[in-house]
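Okay, so here's the structure we're looking at.
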Amino acid sequence: MKKLAPELLEELKEKKEPEKGLPPLEINGSLVMRFAPNPNGPPTLGSARGIVVNSEYTGRYNGKLIIRFDDTDPVTKRPMLEAYDWYLEDCLWLGTKPDEVIIASDRIPLYYETAEQLIRKDGAYVCFCKQEVFKALKDEKKACPHREQGVEKNLGLWKDMLSSCYKEQEAVLRIKTDIAHRDPAIRDWVAFRIIKTPHPRPSVGDRYCVWPLLDFEGAIEDHLCGTTHIIRGKDLIDSERRQRYIYKYMGWAYPKTLHWGRVQIYEFGKLSTSAIKKAIAEGIYTGWDDPRLPTIRAIRRRGIRPEALRKFMIDLGLGETDISLSLDTLYAENRKIIDPIANRYFFVWSPVKMEIEDAEPKVAKAPLHPSRGGIREIPVGTEVLVCRDDVETLKVGERLRLKDLYNIQITGISPLRAKFIGTDIDLIKKEKARIIHWAPTDGLKVRVLSPDGEYTGTGERGIEKELDRVVQFERFGFVRIDSVDDGVVAYFTHR
RNA sequence: GCUCCGAUAGUGUAGCACGGCCAAUCAUGUCAGACUCUCACUCUGACGACUGGGGUUCAAAUCCCCAUCGGAGCACCA
């Protein structure tokens, strides 16, 4: 068959292995996609999905990827200056370098230009209605008095808006849609409002007092950027219907859209960016990379590999169903990468000292990795440290083995004492006795920061040589060695 | 209230646009066993789902209707 019809074989393989993660994209000509975050906080796991999926597609189809900062709200979702770079950093970490970076707050004049054109086409009008008044009219499918005030008047009023003639809340520019549209969400929506708070970016500052809302800014940008495909949350599904009015007035072609549902991560529950910001300020979290947070920076600091995160995100696929997922799958993915390369070490949490009678001081030789070779040497005297968890289940008379050291028999619980009873591992195997790990009494002070708290204890020497690497603390889990200055600080990866 | 979506095992997904090959895929999880000087890794096996009700049809996870449940929008937030 290989000889007769290799292409058939190929086809067979493809049929058997359909697109596991992302569905194929319908493309006419070229592909341009964008990832459009608001930099009001650092990238989260949710952002990672956007970065990964968009870049996966542009990579697959040789398209162009744009990162666009939708930072047009200086107040409610005020951008954070550091976050712009954080996004770029995290993109790189995830293996993606956007082909172009666009910052909306740099391009306000472009939006003004389109706004004016829309007014000239009688597709937008300046409205002075109070919010509640307009809502009441809208709910009854009734136009407000400003809707038909005429193009010339609108142009004048728009100029006045731009020249700061009005206060906040006093005037807005609305897009004329269909005031009787069956879906109230579509009726004459607001495109620009007045904000006098300066923008946090120094280069922008108080230059503008009229700011576009997302639906307007996004609509114009997607056209200017030549976006062919948009993937966004289904909470923005109405955006398309709203934005299409602009596209119709301007004679533009609307990009293809795809949506995904809301993601809830089991381990983190619902943490909003603003809530986290507050908690950090109050000192509840140590910072945006606190291991308890669902930010990319935190995940990275914990030693999750970007390839694992990518695969995890791609396997989620593209569904409009809301999903609530557990990170177990991500951890399993990461373990596959990390387990073959992570060196093993002993770390004893909540250590308890154990005295061993009849023991000769010696140097334990333990493998650095169960299958890759390499040896670590740990000198021991007549005392070792073991975990309180283990001690709590010990009984006097019980025989067990200190891993990679020798066999002992418990002679007392408090204080904890044991006696040396030989080095032969077979004895332990025959008795199916336990094997526990231990640490030398003069080991390193180790702190492990994990999503569910902090573990402190003692680790064997040598860990300090693994700075910035992921290792496995035997019978504990994987950790990334974060610092070794004053004792070791490790970030918990997963079990 | 008005307008949209969506619903496959504990979780996430494949299959659904062109009904039969689906007593339903893969991954993760859980349990049991093997291996192992780690409660890790690996291996083996088991567990486990088409939301419900009608209809169309020789045949429905796939098409239609209703119900239920879940989500979103109706902001001068993104």
Side-chain angles (χ1 to χ4, degrees), chain A residues 16-21 23 36-40 70-73 75-79 104 127 129-131 134-135 138-139 141 168-174 181-187 189-195 210-215 217-218 232-239 241-242 259 261-264 266 273-274 311-312 315-333 335-336 338-340 342 344-346 366-367 369-371 389-390 401-407 425-426 428-429 433-437 472-478 494-495:
Chain A
K16 277 226 168 103
E17 202 70 36
E19 307 292 334
K20 270 280 151 46
N38 174 359
N40 65 336
D70 286 341
D71 59 345
T72 55
D73 179 1
V75 181
T76 326
K77 297 221 166 145
R78 178 159 244 264
C127 173
C129 292
K130 280 201 155 25
Q131 263 181 81
F134 187 86
K135 181 175 168 32
K138 181 191 71 177
D139 285 347
K141 304 182 178 180
E168 289 186 10
Q169 310 288 313
E170 203 176 340
V172 293
L173 185 76
R174 285 186 189 280
H181 196 286
R182 55 202 300 264
D183 183 348
I186 308 303
R187 300 171 196 160
W189 49 277
V190 175
F192 287 87
R193 81 298 212 187
I194 295 166
I195 293 178
V210 176
W211 285 89
L213 277 98
L214 178 73
D215 277 330
E217 178 264 328
R232 57 184 160 204
K234 71 171 185 185
D235 48 321
L236 261 28
I237 225 158
D238 282 339
S239 280
R241 284 193 283 263
R242 283 194 283 255
H259 304 95
R262 275 196 117 53
V263 180
Q264 234 217 32
Y266 194 76
T273 300
S274 49
K311 180 156 195 310
F312 179 69
D315 284 352
L316 287 187
L318 221 72
E320 286 192 24
T321 329
D322 297 322
I323 53 179
S324 90
L325 43 92
S326 130
L327 259 20
D328 280 345
T329 318
L330 172 63
Y331 295 157
E333 217 57 71
R335 188 151 39 225
K336 282 181 200 155
I338 247 104
D339 185 74
R344 270 52 173 176
Y345 290 96
F346 289 152
H369 188 277
S371 55
D389 290 352
D390 286 325
R401 182 172 179 88
L402 297 175
K403 187 170 185 284
D404 302 312
L405 187 60
Y406 45 56
N407 308 332
I425 182 75
D426 291 339
I428 294 301
K429 285 190 172 170
R434 270 200 282 189
I435 298 168
I436 65 169
H437 71 294
Q472 189 197 52
F473 285 164
E474 294 197 44
R475 303 212 304 146
F476 180 77
F478 294 91
H494 48 67
R495 289 196 59 83

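By convention in this document, chain letters (A, B, ...) are assigned in the order of the sequence lines, proteins followed by strands, and residues within each chain are numbered from 1. Both backbone and side-chain heavy atoms feed into the values below; hydrogens, waters and symmetry mates do not.
- With hydrogens and angles ignored, a donor-acceptor pair closer than 3.5 Å exists between the side chain of A:R344 and the base of B:U38.
- Taking atom CG on A:D322 and atom P on B:G70, their separation rounds to 12 Å, with Å as the unit.
- For the pair A:K234 NZ and B:G73 P, the interatomic distance rounds to 10 Å; values are reported in whole Å.
- Summarising the geometry, the separation between CZ on A:R495 and P on B:G29 is reported as 12 Å, rounded to the nearest angstrom.
- The side chain of A:R174 lies closest to B:C76, out of B:U3, B:C76, B:U38.
- Comparing B:U28, B:A40, B:C76 against the side chain of A:F478 picks out B:A40 as the nearest.
- Under the 90° criterion around 0 for the glycosidic angle, B:A17 counts as syn.
- In this structure, B:A32 and B:U44 make a Watson-Crick or G-U wobble pair, each of the two defining distances being under 3.5 angstrom.
- Side-chain proximity of A:A332 to the nucleotides B:A40, B:C76, B:U28 is greatest for B:U28.
- In this model, the phosphate group of B:C76 is approached by a side-chain N or O of A:Q131 to a distance below 4.0 Å at OP1 or OP2.
- The interatomic distance linking A:Q472 (CD) with B:C41 (C1') rounds to 8 Å, in whole Å.
- Comparing B:A72, B:U3, B:U13 by their closest approach to the side chain of A:I323 singles out B:U13.
- Closest to the side chain of A:K403, from the set B:C77, B:G6, B:C37, is B:C37.
- In this entry the distance linking CD1 of A:I195 with P of B:C76 reads 12 Å, nearest Å.
- The CZ atom of A:F134 sits 12 Å away from the C1' atom of B:C76 (whole-angstrom rounding).
- Rounded to a whole Å, the CZ atom of A:R232 is 14 Å from the C1' atom of B:C5.
- Nearest to the side-chain atoms of A:P370 among the listed nucleotides B:U38, B:A75, B:C37 stands B:U38.
- Checking B:G73, B:C37, B:G71 against the side-chain heavy atoms of A:D238 singles out B:G73 as nearest.
- Looking at the side chain of A:A185, the nearest of the listed nucleotides B:A72, B:U3, B:C74 is B:C74.
- Listed nucleotides: B:U13, B:C74, B:A72. Nearest to the side chain of A:K138: B:C74.
- Checking B:A23 for Watson-Crick or G-U wobble geometry (two distances, each under 3.5 Å) identifies no partner in any strand.
- Protein atom CZ of A:F312 is 20 Å distant from nucleotide atom P of B:C26, rounded to whole Å.
- Closest to the A:R335 side chain, of the nucleotides B:U3, B:C41, B:U11, is B:C41.
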